[in-house]
Each structure stands twice: as structure tokens, then as C-alpha cells.
Amino acid sequence: MTQLIMDFAAEQLKRSQDQMLLLGRGTPEEQLAEFLASWRKRLPRRTDRFVSLPMSRRDIAAHLGMAPETLSRTFAKLEQKEIIHVEPDGVELLDVRRNLSSPKS
């Protein structure tokens with residue numbers, strides 16, 4: 001039982017560290033793409049590319065440290081670049097890795 005608790009605590013510390021790095025780096029597009037990729041790893045999904053969003057856009061914006069308007073524009077930019085496709089109950093990841101590896105513009 002002690003080992004399970006230690007493993008859980010270590011995982012939570014890793015997530016906290018990842019969140020701090022996410023908030024401090026990159027463009028809003030990179031932050032959102034990384035957020036979606038991390039949710040994809042943690043949540044059940046309909047397909048390999050689908051990510052259910054159990055939070056509102058306002059909550060996601062607060063989580064990422066950006067204004068809700070910035071988040072909405074960022075979703076639109078990623079959809080226009082054909083990196084994601086926004087659906088009523090989530091997002092389909094079309095090419096998130098391309099966005100993460102592309103140079104900043």
C-alpha cells in the first residue's frame with residue numbers, strides 16, 4: 001500500500017512539474033496542443049485521435065493561464081491549420097506533433 005501511495009504522489013508531482021513547464025513555454029498554440037496531447041494520454045477516447053474535453057473552454061483557459069478569448073482564437077487557428085478538428089464533445093487530433101515541432105512564427 002505504501003508503494004502505491006508513493007507511486008501516486010510521484011505521478012502527481014510529475015504532472016505538476018509538467019504543468020509549470022507548459023505554462024512557462026511557447027505560444028498559445030503550443031500550449032493548447034500539449035494540453036490536448038496530455039489529456040489524450042489520461043482520458044478514455046472513442047478513437048486514437050479523439051480527445052474528450054470534460055472541462056469548459058473557460059476552465060481550460062484558466063488551466064493554461066490564458067484568456068478565454070485567446071483560447072477560442074487558438075482553437076480556431078489549430079483547426080484552420082488542420083491540426084485539430086473541434087467536435088461538440090471534444091477534439092479530434094489530426095496532426096498535433098506537427099504543431100509542436102514547427103518553428104515559432
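- Among all heavy-atom pairs drawn from Leu94 and Glu82, the shortest one is CB-O, 3.5 Å.
- For Glu11, the CD atom counts as densely surrounded, since its 6.0 Å shell holds more than 12 non-hydrogen atoms of other residues, nucleotides or ligands.
- Atom CZ of Arg57 sits in a crowded spot, with more than 12 heavy atoms from other residues, nucleotides or ligands closer than 6.0 Å.
- By the 4.5 Å heavy-atom criterion applied to side chains, Ile60 and Phe35 are counted as neighbours.
- A donor-acceptor contact shorter than 3.5 Å links the side chain of Glu79 to the backbone of Val86.
- Rounding to the nearest 0.5 Å places CE of Met66 at 8.5 Å from OG1 of Thr27.
- The CZ atom of Phe8 lies 10.0 Å from the CG atom of Leu13; values are rounded to the nearest 0.5 Å.
- Every side chain to side chain donor-acceptor pair (under 3.5 Å) that Ser56 has, sequence neighbours left out, goes to Asp59.
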| message | Using the rule given for side chain to side chain contact (heavy atoms under 4.5 Å, CB included), can you reason through His85 versus Glu87, listing the C-alpha separation, both sets of side-chain angles and the distance that settles it, and then say yes or no? | response | CA-CA 6 Å; His85 173 69; Glu87 298 181 10; 3.6 Å; yes
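- The structure places CZ of Arg49 at 14.0 Å from CG of Leu36, a figure rounded to the nearest 0.5 Å.
- Residues Ser52 and Trp39 have side chains not in contact (no heavy-atom distance under 4.5 Å, counting atoms from C-beta outward).
- Here CD of Glu34 is found 10.0 Å from CD of Gln31. Values are rounded to the nearest 0.5 Å.
- Counting heavy atoms from C-beta on, the side chains of Leu53 and Asp89 never come closer than 4.5 Å.
- Applying the salt bridge (Lys or Arg N to Asp or Glu O under 4.0 Å) definition to pairs two or more places apart or across chains, those involving residues 61-77 are Glu29-Lys77.
- Taking both residues in full, the closest heavy atoms of Leu71 and Ala61 are given as CD2-N, 3.6 Å, listed atom of the first, atom of the second, then distance.
- Counting heavy atoms from C-beta outward, Leu78 and Ile84 have side chains that approach closer than 4.5 Å.
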